[in-house]
Structure formats: structure tokens, C-alpha cells
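First the structure, in the form of C-alpha cells, and then the observations on it.
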Amino acid sequence: MAGVSVQAFRRQGRRYGAGLVCSEMVSCAGLHHGNERTLGYLRISADERPLAVQIFGSEPGVMAEAAQMVEEAGADLVDVNFGCPVKKVTKTGAGATLLEDPERAGAIVGAVAEAVSVPVTVKMRRGLENGSRACLELGPRLVEAGASALTLHPRSARQMYTGEADHTLTAEMVERVDVPVIASGDVTSRARAQALLATTGCAAVMVGRAAQGNPWALREIVDEETEPPSREEVIAELLLFIRETVRELGERRATGFLKKFYGWYLGRGRFPRPFKQELVQLESLDEVEARLLAAAPGAAEVLERLEAELPQGEDDVVLDLPISIYGGG
Ligand SMILES: Cc1cc2nc3c(=O)[nH]c(=O)nc-3n(C[C@H](O)[C@H](O)[C@H](O)COP(=O)(O)O)c2cc1C
């Protein structure tokens, strides 16, 4: 998820039971031009693997080149974005636009699959307009071109995130292709995940928004016997997330980036609303940390344990790129 799936998010997801995590979408043009911030998306650590890195673009050759960079950086899968509904992306012919440009979509998947030896997967929406079934025509064509799995988020681009994902299309897709289909959209609980697996025949489910500030949703989906987190656990995970994000993005970028996460962690009835509002107004992350610890002093001990359990040392981090290109160093 763009603006969400930073490395700290992915590593956290893996700790809570996700079988596979995915990067934010990465611009193939940005990689092509050696844009520093874009290259920073290729920072991959061993403990987030298996990891998919998702690329978007509209030129088969540039996408193929980007896929090679992604493979070299250590990704286990290259995922191609045919779902992004945001104008900035669709007006360049990338993202969801490709759902209705089958010729070009097939050429992109073909070129990318040819360029790398890791599996290539595609993430799609149902089509551009409400009620569209474009994905069902396109899916088999992409498999023929070399896609090893398809993820379907069966909303239209026009819908953005409104309404509901129509997973009857997921079931139809499963019937039409002989590669694994991953169901994305509105997976928020173990019961919903199980129902989707049973009714669509999908090979796996993908969890998006439900995991934002809420890795416990993943644990619940994976494992029947789970308890909701304590206040101390919530604060400790948020503190770890803050520290890791600062390392990744640098303090300046992290300060703004993190604000949306406060509500995600502290909402859901866990803490009173004014607490979040107070945090977003604080100027420095040191103040945020101090305020969080004051709200749940026992979190310090939980945090210490979490940090001790994280992989330590250089060997655990796959960094084929010079450290200077990362925003956070
Ligand atoms: C903030 C945000 C950013 C997203 N960014 C991406 C993205 O970069 N690539 C992608 O394939 N899907 C992206 N998605 C879509 C999700 O992967 C997912 O398909 C969608 O949110 C439905 O699943 P959910 O109900 O579990 O959230 C994004 C969704 C959100 C909410």
C-alpha cells in the first residue's frame, strides 16, 4: 500500500503471521532515472522475506528494466500494478488503465517475465467502470504472457474504496486461470478470510487496511486462539514502528508520515480520541515517545523485549545499494 507499506510495516506483518508481504508501489520511471527516493524503495531486509516488490508503469521495456533492478535488490517476487485508480498514475497509462488496454498489459507482463527469473505476479481491479468484468478477460491473457499468480481486488477504479469488493468475480477468476488467485478486499477477520477461501477457491487472501496500526488482525486471521492486545502491547508496537520508520525515512519525513498511524494504532476503542489529537500536534518524535510511554509505562518493558527479538547485525540486512541513497541513511 502506497504511503503505508514501509519496511517497518512489512516486517511487523511478517512477525504477526503474514506469509508474504508487499512493498509500496514503485515507479519504473523513477527507477529508470535513478531517482534517489524511488531507489530507496528497494531497501530490503532479510526478515521481511518472502517479499514482493510492486512496480507500476506503462512502457514494457522500462518495466522490464525496473523488474531486473527489483530482482537484483533481493525481492522474491515482482508484482505488476494494474489496479491503481489514482489520476496521477492512470493518466500516464499505468495502473488501472491497463485493465482496458489488454494489448499493452500483455506486452508489459511478457517483457517483465522475460527479464527476470523470479515469479511475476499481477495485482488487478475488476475494471475501470462500475460493473466492469474486464479483469476476467484480461486475467487468462496475463497468465499466458507469463504471470505466475493474480491478485484481484474486485472493485472498479471508479469505486476507489467505496462499496464492497464483489468476490463473485474472484470465484470466476479462479475458474478461468490455472495459477493461484489471491483475493484482496475487505478481509478484516478470520471468519471473512475463511469464508472467502471456501466460497471462491482462492489460494490466499491479502489483508490491506485492516492491518494498518493493527497487526493483531493478522494474528487473529492466522491463529484461532488470539486475545486482543493490551494497552502496553499497542503502545510498544507503535513505539517500535516509530523508531524503525525514523531509521528508514529519516526523522523529518517520518514525522509527517507517522501522523496517520497514531489514529490507526490508538483508535479502535483502545484509547480516548483526544489522545491521538494531542500526539499529532506534538512537534518532535521524542515528545511523542515520551507521551506514549507516560500513557502506558509498562510498554517500555514490552518494547525492550520486541527490540531484543529483532534480527541484529549487518548479516540480517540485504543491502546491495549504497547506504547514502536512503532518505534516512
Ligand atoms: C492507502 C492505500 C494504498 C494502497 N496502495 C496500493 C498499492 O500501492 N498497490 C496496490 O496494488 N494496491 C494498493 N492499495 C489497495 C490494496 O492493496 C487493497 O487491494 C485494497 O485496499 C482492498 O483491500 P483491503 O480491504 O484489505 O484494504 C492501497 C490501498 C490503500 C488503502
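Both ligands and their constituent atoms are indexed starting at 1 by order of listing.
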Below the 3.5 angstrom mark, is there an N/O of R155, backbone or side chain, next to an N/O of ligand 1? no
Using a 3.5 Å cut-off and no angle test, enumerate the donor-acceptor pairs between side-chain atoms of residues 193-204 and protein atoms at least two apart in sequence or in another chain.
unit_1: T199; atom_1: OG1; unit_2: A195; atom_2: O; d: 2.8
unit_1: T200; atom_1: OG1; unit_2: L196; atom_2: O; d: 2.6
unit_1: T200; atom_1: OG1; unit_2: C202; atom_2: N; d: 3.0

Tell me which protein heavy atom sits closest to atom 12 (N) of ligand 1, plus the residue, atom name and distance to 0.1 Å. K123 NZ, 3.1 Å
Near M25 (heavy-atom distance under 4.0 Å), the atoms of ligand 1 are 8 (O)
Going from OG1 on T97 to NZ on K87, what distance comes out if it is rounded to the nearest 0.5 angstrom? 10.0 Å
Could you tell me the residue and atom name of the protein heavy atom closest to atom 1 (C) of ligand 1, and the distance to it rounded to 0.1 Å? A2 O, 3.9 Å
Any N or O on Q54 sitting closer than 3.5 Å to an N or O of ligand 1? yes
Ring-face cation of R270 near Y262 (centre distance under 6.0 Å, axis angle within 45°): no
Is R176 atom CZ crowded by more than 12 heavy atoms from other residues, nucleotides or ligands, each under 6.0 Å away? yes
So which heavy atom in the protein is nearest atom 22 (C) of ligand 1, and how far is it from that ligand atom? H153 NE2, 3.4 Å
In the protein, what heavy atom is nearest to atom 19 (O) of ligand 1, and what distance, to one decimal place, separates them? S184 OG, 2.7 Å
Nearest 0.5 Å please: distance from the CG atom of L169 over to the NE2 atom of H153. 11.5 Å
Could you walk me through whether S284 and D286 pass side chain to side chain donor-acceptor pair (under 3.5 Å), step by step? CA-CA 5 Å; S284 76; D286 283 344; 5.1 Å; no
Under 4.0 Å to a heavy atom of D186 - the qualifying atoms of ligand 1, by number: 24 (P), 25 (O), 26 (O)
Which atoms from ligand 1 have a heavy atom of N81 less than 4.0 Å away? 9 (N), 10 (C), 11 (O)
Mind checking whether E24 has an N or O less than 3.5 Å away from an N or O of ligand 1? no
Is there at least one pair of N or O atoms, one from M1 and one from ligand 1, spaced under 3.5 Å apart? no
Under 4.0 Å between a Lys/Arg side-chain N and an Asp/Glu carboxylate O for E309 and R15? no
Show your reasoning for whether side-chain contact (heavy atoms from CB on, under 4.5 Å) applies to W216 and V234. CA-CA 9 Å; W216 300 278; V234 171; 4.0 Å; yes
Looking only at protein heavy atoms, identify the closest one to atom 26 (O) of ligand 1 and say how far it is in Å. G208 N, 2.9 Å
Using atom types as modelled and distance alone, determine if a side-chain donor or acceptor of R14 lies under 3.5 Å from a backbone N or O of R49. yes
Those atoms of ligand 1 less than 4.0 Å from some heavy atom in R209: 21 (O), 24 (P), 25 (O), 26 (O), 27 (O), 31 (C)
State if G185 counts as touching ligand 1 under the rule of any non-hydrogen atom under 4.0 Å. yes
Shortest protein contact, atom 14 (N) of ligand 1 (heavy atom only): Y161 OH, 3.6 Å
Sub-4.5 Å side-chain heavy-atom contact between E59 and H32: no
